[in-house]
Asks: 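Here it is, the structure, as structure tokens.
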Amino acid sequence: MNKQQVDIAIIGAGTAGMTAYFAARKHTDRIALIESDRYGTMCARVGCMPSKLLIAAAEAAHGLKTAPMFGVSPGEVRVDGRAVMARVRQERDRFVASVVETVESFPQTQRLMGPARFLDRNRLAIGDDLELEARRIVIATGSRPHIPSFLQAAGDRLMVNDDLFELEDLPESVAVFGPGVIGLELGQALSRLGVRVRMFGRSGAVGPIRDPQISQYALETFNREFALDPAAEVSSVRRTEKGVEVCFRNGDRGEVTETFDYLLAATGRRPNVDGLALDKAGIALDDHGLPLFDRFTLQCGDSPIFIAGDANNDLPLLHEAADEGRIAGDNAGRYPDVRSGLRRTPLAVAFTDPQIATVGLTIDQVDEQCRGCFAVGQVSFENQGRSRVMGRNRGLLRVYGEQGTGLFLGAEMFGPAAEHIGHLLAWAAQKRMTVSDMLDMPFYHPVVEEGLRSALKDLNHKLHIGPEVVKNCMDCGPGA
Ligand SMILES: Cc1cc2nc3c(=O)[nH]c(=O)nc-3n(C[C@H](O)[C@H](O)[C@H](O)COP(=O)(O)OP(=O)(O)OC[C@H]3O[C@@H](n4cnc5c(N)ncnc54)[C@H](O)[C@@H]3O)c2cc1C
Ligand SMILES: NC(=O)c1ccc[n+]([C@@H]2O[C@H](COP(=O)([O-])OP(=O)(O)OC[C@H]3O[C@@H](n4cnc5c(N)ncnc54)[C@H](O)[C@@H]3O)[C@@H](O)[C@H]2O)c1
């Protein structure tokens, strides 16, 4: 085995690995960024970007389908599946190329190819040929789809997100297992592009929604478009000549058998840490074999090992991976003088239609933190002026505030423009604004944000701070 020594080794050249690299480089040039597969990041290759491209095509198709509501008739709507998939890949490849260009601009001597595994706390094997001694190590190995074993019976018709984007054409039908964020985003997009979709869940949850009222509303809304049973009883999955046969209980119809072209497994993801021989790293692991770490420093115990991005299974989102990589890379550079980095207010958006935004504390966390002393303000978007104008008037927003202090703590939204309103709410939560502070901000007319104002007014009244909400208040013009 060849031997090499560096100050900092970073395992994984995804989003977290790359931000760790930039942060670590401020401390030393003796760095190794190790990648076992292709450059380009999961986000660009098979995650955020291709999924949003597929959703964009679905939005275009849906816009044509709903145009007659405005008196506009586009004629026959035809979805060319091959063209849809070709654009997804073409645009995806541009995103990937720009990331690859960035990584390849790093000095060749600082880049190593091959799977890394621990030999001990300061030594890694890279493939079979290289032993790398590193004073500090950042684990940024990402995650992969978790597929329950019974789904393997779908054989060659079993897909995960990675495979979907490689299809030459849209299939006729897909059974989606897992109504989490990936299942909902991809399943709804496929459905809007004319694919017959049926979605099977297990736990009863709908996407990332934790507020029961919003969950129920979202479930009803999705079921208007495609069949979604969040707590399905599936008795068998089988590859047949015609595709994948799924047997399941379907309400009053009892046991039903339906055949699909493909089965898409969107049943959660697992961190890529099992191949790292972590038992040799001398760090404490939890019951699932995941390293115990401090989420503010990303340090594993008091060791010189740090873990960032999906690999630590904390908040598997792109902006969190980028933040964590930066903190881990910086702390690897300054070890043992590690520092807490900025962890932002939790914000997540699912790009369904209506979109889902979750901000700050969940309703259960609010309840726990405030010991029941909180209030919930609410608004429906069904009669909200701007939402009706656009014909996008479905949705519900619930905002949480603390009794006594009047502090805004968190929110969940299923509704129009949730990607934007989610940001406003996250910024307010991070600035520790009270609900009154938020209501002091300007609101234009007519905009979806007027719905947010209605929810905040409702909350302020329930916190015994603001006046009772007046129906049809003239602040908002008609229909707010
Ligand atoms: C379909 C889908 C859609 C998504 N959409 C969104 C979205 O809209 N918004 C959002 O915020 N997030 C989204 N996410 C989540 C987001 O993509 C991830 O949280 C983020 O990309 C994780 O980055 P990472 O750096 O941790 O992992 P990655 O980018 O996966 O990087 C990990 C790297 O480590 C390498 N590696 C693994 N093991 C080893 C080893 N032993 N040795 C060397 N290298 C190794 C891998 O090959 C990989 O290149 C989506 C995810 C999916 C799957
Ligand atoms: N827009 C975004 O920001 C975005 C988009 C996609 C993914 N992501 C990230 O990727 C992560 C992973 O997404 P995901 O959707 O794979 O995971 P998830 O954990 O969000 O959802 C998995 C779903 O599968 C269900 N499930 C598990 N086993 C099942 C079974 N046997 N049968 C039926 N259903 C089953 C779970 O109950 C859950 O509803 C998310 O947590 C999110 O952080 C983010």
Side-chain angles (χ1 to χ4, degrees), residues 9-20 32-52 54-55 99 103 112-118 124-127 139-151 160-162 164-165 175-187 199-209 229-234 237 248 265-277 307-322 324-325 347-352 355-358 419:
I10 299 162
I11 314 175
T15 302
M18 287 171 70
T19 55
L33 178 63
I34 309 153
E35 175 56 54
S36 59
D37 197 353
R38 295 177 301 173
Y39 291 141
T41 72
M42 193 257 282
C43 165
R45 281 193 185 280
V46 294
C48 329
M49 302 317 280
S51 59
K52 287 356 155 263
L54 190 74
I55 291 166
V99 181
V103 193
L112 297 173
M113 282 310 277
R117 62 179 200 284
F118 281 86
L124 298 170
I126 317 296
I139 302 170
T141 45
S143 62
R144 62 178 185 278
H146 164 70
I147 307 176
S149 56
F150 79 101
L151 298 184
V160 292
N161 53 297
D162 306 36
L164 175 64
F165 306 122
V176 179
F177 276 72
V181 194
I182 295 179
L184 284 177
E185 284 190 353
L186 296 180
M199 210 175 284
F200 301 92
R202 189 181 59 177
S203 64
V206 180
I209 304 171
D229 182 349
E233 291 177 50
V234 177
V237 167
F248 58 98
T267 38
R269 298 181 66 85
R270 295 284 179 277
N272 291 325
V273 294
D274 38 347
L276 291 175
I307 184 162
D310 281 17
N312 70 28
N313 207 30
D314 184 21
L315 292 167
L317 296 169
L318 190 278
H319 68 282
E320 297 287 355
E324 290 176 3
L347 165 66
V349 175
F351 294 82
T352 50
Q355 296 179 331
I356 301 165
T358 56
E419 68 179 280

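Order of listing sets the numbers, starting from 1, for every ligand and every atom in it.
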Asks: Compute the minimum heavy-atom distance from P316 to ligand 1 and say whether it is under 4.0 Å.
Replies: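 So P316 counts as touching ligand 1.
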Asks: Under a heavy-atom criterion of less than 4.0 Å, does G114 contact ligand 1?
Replies: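 Yes, G114 has a heavy atom closer than 4.0 Å to ligand 1.
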Asks: Test your reading of the model: is there a side-chain donor-acceptor pair from N313 to the backbone of P271, 3.5 Å cut-off?
Replies: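 A pair under 3.5 Å: no.
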Asks: Counting each atom of ligand 1 from 1 as listed, which ones have a heavy atom of I11 under 4.0 Å away?
Replies: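 What qualifies from ligand 1 is 40 (C), 42 (N), 43 (C).
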Asks: Looking at L315, is its backbone amide N or carbonyl O close enough to the side chain of E320 to form a donor-acceptor pair, meaning the two atoms are under 3.5 Å apart?
Replies: no
Asks: Give the atoms of ligand 1, by number and element, whose distance to some non-hydrogen atom of D310 is under 4.0 Å.
Replies: 18 (C), 19 (O), 20 (C), 22 (C), 26 (O)
Asks: Can you figure out which of R144, M42, K52 has its heavy atom closest to atom 8 (O) of ligand 1?
Replies: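 Among R144, M42, K52, the closest heavy atom to atom 8 (O) of ligand 1 comes from K52.
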Asks: Donor-acceptor pairs are to be reported for all side-chain atoms of residues 37-50 against protein atoms at under 3.5 Å, with residues two or more places apart or in another chain.
Replies:
| residue | atom | partner | partner atom | Å |
| --- | --- | --- | --- | --- |
| T41 | OG1 | A44 | N | 3.2 |
| R45 | NE | Y39 | O | 2.9 |
| R45 | NH2 | Y39 | O | 2.5 |

Asks: Tell me whether the rings of F177 and F200 are parallel (<30°), tilted (30 to 60°) or perpendicular (>60°).
Replies: parallel
Asks: Which residues satisfy the ring pair (Phe, Tyr, Trp, His ring centres under 6.0 Å) test with F165, sequence neighbours excluded?
Replies: none
Asks: Begin with the C-alpha distance, continue with both residues' side-chain angles, and end with the deciding distance and a verdict on side chain to side chain contact (heavy atoms under 4.5 Å, CB included) for V176 and L186.
Replies: CA-CA 9 Å; V176 179; L186 296 180; over 6 Å; no
Asks: Which atoms of ligand 1 are found less than 4.0 Å from any heavy atom of A16?
Replies: 25 (O)
Asks: Considering heavy atoms of the protein only, find what lies nearest to atom 34 (O) of ligand 1 and give residue, atom and distance to 0.1 Å.
Replies: G12 CA, 3.2 Å
Asks: According to side-chain hydrogen bond (donor to acceptor under 3.5 Å, both in side chains), who are the partners of S143, at least two apart in sequence or on a separate chain?
Replies: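 S143 satisfies side-chain hydrogen bond (donor to acceptor under 3.5 Å, both in side chains) with R269, D310 once adjacent residues are dropped.
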Asks: Is there a side chain to side chain contact (heavy atoms under 4.5 Å, CB included) between V99 and M18 once you walk through the steps?
Replies: CA-CA 10 Å; V99 181; M18 287 171 70; 3.9 Å; yes
Asks: Do P145 and N161 come within less than 4.5 Å of each other through their side chains, counting heavy atoms only?
Replies: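 Of all side-chain heavy-atom pairs linking N161 with P145, at least one is under 4.5 Å.
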Asks: Taking heavy atoms and a distance under 4.0 Å, where does P50 meet ligand 1: side chain, backbone, both or neither?
Replies: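 None of P50 does.
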Asks: Does the side chain of L124 reach to within under 4.5 Å of the side chain of F118, using non-hydrogen atoms?
Replies: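 L124 reaches F118 side chain to side chain.
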Asks: Mind checking the CZ-CG spacing from R202 to D229? Nearest 0.5 Å is all I need.
Replies: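 Rounded to the nearest 0.5 Å, the CZ-CG separation comes to 13.5 Å.
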Asks: Which one of M18, E35, E320 has a non-hydrogen atom at the shortest distance from atom 35 (C) of ligand 1?
Replies: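 Among M18, E35, E320, the closest heavy atom to atom 35 (C) of ligand 1 comes from E35.
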Asks: For the side chain of T267 and the backbone of I147, is there at least one donor-acceptor N/O pair under 3.5 Å apart?
Replies: no
Asks: Is the closest heavy atom of V349 to ligand 1 under 4.0 Å?
Replies: no
Asks: Show me which atoms of ligand 1 lie under 4.0 Å from any heavy atom of A321.
Replies: 23 (O)
Asks: For the CD1 atom of I11 and the CG atom of L33, what is their distance to the nearest 0.5 Å?
Replies: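 I11 atom CD1 to L33 atom CG measures 10.5 Å (nearest 0.5 Å).
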Asks: Please report which non-hydrogen protein atom sits nearest to atom 52 (C) of ligand 1, along with the residue it belongs to and the distance in Å to one decimal place.
Replies: G47 CA, 3.6 Å
Asks: Answer yes or no: is there a side-chain heavy-atom contact under 4.5 Å between I356 and V206?
Replies: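 Sidechains of V206 and I356: no contact.
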Asks: Can you pull out the closest protein heavy atom to atom 10 (C) of ligand 1? Residue, atom name and distance to 0.1 Å, please.
Replies: L318 N, 3.5 Å
Asks: Can you check whether N272's main-chain N or O pairs, donor with acceptor, with T141's side chain at less than 3.5 Å?
Replies: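 Indeed, once roles are kept as given, a pair shorter than 3.5 Å links the two residues.
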Asks: Give the residue, atom name and distance (to 0.1 Å) of the protein heavy atom nearest atom 44 (N) of ligand 1.
Replies: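 Of every protein heavy atom, S36 N, 3.2 Å lies nearest to atom 44 (N) of ligand 1.
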Asks: Once you round to the nearest 0.5 Å, how far does CG of L347 lie from CD of E419?
Replies: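 Answer rounded to 0.5 Å: 10.5 Å.
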Asks: Check ligand 2 against the protein and report each N/O to N/O distance under 3.5 Å, formatted as atom name, atom name, distance.
Replies:
| residue | atom | partner | partner atom | Å |
| --- | --- | --- | --- | --- |
| ligand 2 | 1 (N) | E185 | OE2 | 2.8 |
| ligand 2 | 1 (N) | V349 | O | 2.7 |
| ligand 2 | 3 (O) | V349 | O | 3.2 |
| ligand 2 | 15 (O) | V181 | N | 3.2 |
| ligand 2 | 15 (O) | I182 | N | 3.0 |
| ligand 2 | 16 (O) | G268 | N | 3.3 |
| ligand 2 | 37 (O) | S203 | OG | 3.2 |
| ligand 2 | 43 (O) | P316 | O | 2.7 |

Asks: To the nearest 0.1 Å, how far is atom 31 (O) of ligand 1 from its closest protein heavy atom, and which atom is that?
Replies: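 So the nearest neighbour among protein heavy atoms is G14 CA, 3.2 Å.
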Asks: Out of A9, C48, A13, A20, indicate the one that has the non-hydrogen atom closest to atom 14 (N) of ligand 1.
Replies: C48
Asks: Would you compute the distance between atom CG of L164 and atom CD1 of I182 and round it to the nearest 0.5 angstrom?
Replies: 11.0 Å
Asks: To the nearest 0.5 Å, what is the distance between CD1 (I34) and CD1 (I126)?
Replies: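 I34 CD1 to I126 CD1: 3.5 Å, rounded to 0.5 Å.
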Asks: Do A116 and ligand 1 have an N or O pair less than 3.5 Å apart?
Replies: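 Yes, A116 has an N/O under 3.5 Å of an N/O on ligand 1.
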Asks: Just verifying a value: how many Å separate E324 CD and T19 OG1, rounded to the nearest 0.5 Å?
Replies: 9.0 Å
Asks: May I ask you to check if ligand 1 and H319 share an N or O to N or O distance below 3.5 Å?
Replies: no
Asks: Looking only at N/O atoms, are G17 and ligand 1 under 3.5 Å apart anywhere?
Replies: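 G17 vs ligand 1: no N/O contact under 3.5 Å.
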Asks: List ligand 1 atoms under 4.0 Å from S51, heavy atoms only on the residue side.
Replies: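 Near S51, the atoms of ligand 1 are 3 (C).
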Asks: Counting each atom of ligand 1 from 1 as listed, which ones have a heavy atom of R269 under 4.0 Å away?
Replies: 53 (C)
Asks: How close does the nearest protein non-hydrogen atom get to atom 27 (O) of ligand 1, and which residue and atom is it?
Replies: G142 CA, 3.4 Å
Asks: So for ligand 1, is N272 a polar contact partner (N or O within less than 3.5 Å, distance only)?
Replies: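 Among all N and O atoms of N272, none is under 3.5 Å from an N or O of ligand 1.
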Asks: For T141, which part has a heavy atom under 4.0 Å from ligand 1: side chain, backbone, both, or neither?
Replies: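 Both parts.
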Asks: Check whether any N or O atom of G309, backbone or side chain, sits under 3.5 Å from an N or O atom of ligand 1, and answer yes or no.
Replies: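 G309 vs ligand 1: no N/O contact under 3.5 Å.
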Asks: Taking 4.0 angstrom as the limit and counting only heavy atoms of L317, give me the atoms of ligand 1 inside it, by number and element.
Replies: 11 (O), 12 (N), 19 (O)
Asks: Just jot down the ligand 1 atoms closer than 4.0 angstrom to any heavy atom of L276, in number order.
Replies: 41 (N)
